[in-house]
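Beneath this line is the structure, given in structure tokens, with notes to follow.
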Amino acid sequence: MADPQAVRTDARAHHDPAVRGFASDNYAGAHPEILAALTLANGGHQIAYGEDDYTDHLQRVIHSHFGAGAQAYPVFNGTGANVTALQALTDRWGAVVCAESAHINVDEGGAPERMAGLKLLTVATPDGKLTPELIDRQAWGWEDEHRAMPQVVSITQNTELGTVYTPDEIRAICEHAHERGMKVHLDGARISNAAASLDVPMRTFTSVAGVDVLSFGGTKNGMLFGEAIVVLDPDAVRRMKHIRKMSMQLASKMRFVSVQLEALLAKDLWLRNARHSNAMAQRLAEGVRQVDGVEILHEVQANAVFARLPHDVSERLQKRYRFYFWDENAGDVRWMCSFDTTEDDVDGFLVALKEEMAR
């Protein structure tokens, strides 16, 4: 018989905590203030399934950012937030208009269509941003039984290409959609970075602009796990709490999601983290602009830098720093900065980039 003690190991780090890359802000760990909040919530017993004190207090924190009518529904992850929110906004025959580059279309494994049973109507955009005119390319045929009915416009703030909608641009989209009887969902996986870039409160381009429901992202901005669906217009959704349960997004120990959101939002941690990661992206972009043969593809407005450089250079550079190809055939790459990216990280990467370009 095998010795059960033989497979036991002491708790230890299995990675070098000094190593950071530019692949994704999901690679970063949890902010120390988030970990402290989790420890705070861990003592004793609390009622399960969202009836706990932390989830109750989170609602007041959400009101301070999005208005007294806002209601937060904590969930496990971003895909779950998007899919659950879109289900609550659509009928069985409904469709969602979104940018071709939208996360719900490109990076969620078909979950909106497979799990929610809705149709995505995509529109090509030069910069990841929809406009009323672009929306109208798919917003038609409501009475045509041969076509999925456009019921929702989904936008991402900031976009998957690192660009940021202005409050006026979102207001125009919301007015246009509402005039056509459609609702507006905002995928806010990096909503904090957008607010930091615009230097405005989050309500300015959400509840004030006319957004009906948003997915609030925390994992990319310092949380360990968890996001939230924030309903801004209660009349726009139906039975959100039932759909959340049916979508397998109801956490039994919800206090551990809620306390993280509270720690992020109750003071200014969300903004400090976002401002820092945005600033690191600007530092990176400024350095990249000095390297001959490397082209920055989109305006750097948040914490992402998209660039084009020789494919072989990227492959060598990836052996020194992790990052992803965005369009491998074109040689396009994406470099992401996180709340814990340091100036030394950026400067070291720029040195490596220059060395590989010179080879």
Quick one: does [X]'s side chain have a donor or acceptor within less than 3.5 Å of a partner on [Y]'s backbone?
X: Glu33; Y: Leu264; result: no
X: Thr159; Y: Leu161; result: yes
X: Gln301; Y: Val164; result: yes
X: Ser247; Y: Thr84; result: no
X: Lys119; Y: Ala148; result: no
X: Gln260; Y: Phe256; result: yes
X: His276; Y: Thr341; result: yes
X: Asn303; Y: Cys337; result: yes
X: Asp91; Y: Trp93; result: no
X: Arg147; Y: Trp140; result: yes

Check [Y] with [X], please: is the shortest side-chain N to carboxylate O separation under 4.0 Å?
X: Arg283; Y: Glu286; result: no
X: Arg308; Y: Asp327; result: no
X: Arg180; Y: Asp136; result: yes
X: Lys183; Y: Asp233; result: no

Should [X] and [Y] count as side-chain neighbours, where that means a heavy-atom distance under 4.5 Å?
X: Asp25; Y: Arg190; answer: yes
X: Lys241; Y: Tyr49; answer: no
X: Lys220; Y: Met336; answer: no
X: Ser314; Y: Phe325; answer: yes
X: Val291; Y: Leu309; answer: no
X: His176; Y: Cys174; answer: no
X: Leu261; Y: Tyr54; answer: no
X: Ser24; Y: Arg334; answer: yes

Legend entry - Listed partners of Glu51 passing salt bridge (charged side-chain N to carboxylate O under 4.0 Å, His left out), at least two apart: none
Separation of [Y] [atom2] from [X] [atom1] (nearest 0.5 Å):
X: Arg238; Y: Ile243; atom1: CZ; atom2: CD1; value: 7.0 Å
X: Thr79; Y: Glu108; atom1: OG1; atom2: CD; value: 3.5 Å
X: Asn42; Y: Lys253; atom1: CG; atom2: NZ; value: 8.0 Å
X: Ser192; Y: Arg272; atom1: OG; atom2: CZ; value: 12.0 Å
X: Thr39; Y: Ile34; atom1: OG1; atom2: CD1; value: 11.5 Å
X: Leu121; Y: Ile135; atom1: CG; atom2: CD1; value: 12.0 Å

Inset, instruction - Apply side chain to side chain donor-acceptor pair (under 3.5 Å) to Glu227 and Thr219, showing your working. - result: CA-CA 7 Å; Glu227 318 280 300; Thr219 306; 2.4 Å; yes
Over 12 non-hydrogen atoms of neighbours within 6.0 angstrom of [atom1] in [X]:
X: Phe225; atom1: CZ; result: yes
X: Arg60; atom1: CZ; result: yes
X: Arg239; atom1: CZ; result: no
X: Arg275; atom1: CZ; result: no
X: Asp292; atom1: CG; result: no

Inset, instruction - Please write out which residues are connected to Met248 in a hydrophobic cluster, directly or through intermediates, given that two of Ile, Leu, Val, Met, Phe, Trp, Tyr count as joined at side-chain heavy-atom separations below 4.5 angstrom. - result: Val83, Met115
Inset, instruction - Show which residues join Val213 in its hydrophobic cluster (side-chain heavy-atom contacts under 4.5 Å, direct or indirect), or state none. - result: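 Besides Val213, the cluster holds Tyr73, Val75, Leu86, Leu89, Val96, Ile104, Leu118, Leu120, Val152, Ile229, Val231, Val237, Met240.
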Legend entry - Asn193/Ser277 under side chain to side chain donor-acceptor pair (under 3.5 Å): CA gap, chis, key distance, verdict: CA-CA 8 Å; Asn193 296 94; Ser277 56; 2.9 Å; yes
Are [Y] and [X] connected into the same hydrophobic cluster when the rule is that any two of I, L, V, M, F, W, Y join if their side-chain heavy atoms are below 4.5 Å apart?
X: Leu297; Y: Val288; result: no
X: Val294; Y: Met280; result: yes
X: Ile191; Y: Leu58; result: yes
X: Tyr321; Y: Phe339; result: no
X: Trp326; Y: Trp335; result: no

Inset, instruction - List the steps and the verdict of side chain to side chain donor-acceptor pair (under 3.5 Å) for Thr342 and Asp345. - result: CA-CA 5 Å; Thr342 67; Asp345 294 333; 3.0 Å; yes
Inset, instruction - Scan Thr156, Asn77, Asn82 and name whichever one has a side-chain hydrogen bond (donor to acceptor under 3.5 Å, both in side chains) with Ser215. - result: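 Testing Ser215 for a side-chain hydrogen bond (donor to acceptor under 3.5 Å, both in side chains) against Thr156, Asn77, Asn82 leaves exactly one candidate, Asn82.
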Inset, instruction - Quick one: do Thr125 and Lys129 satisfy side chain to side chain contact (heavy atoms under 4.5 Å, CB included)? Show the steps, please. - result: CA-CA 6 Å; Thr125 65; Lys129 294 163 67 174; 5.8 Å; no
Inset, instruction - Hey, can you tell me if Phe22 and Phe349 have their rings parallel, tilted or perpendicular (30° and 60° cut-offs)? - result: tilted
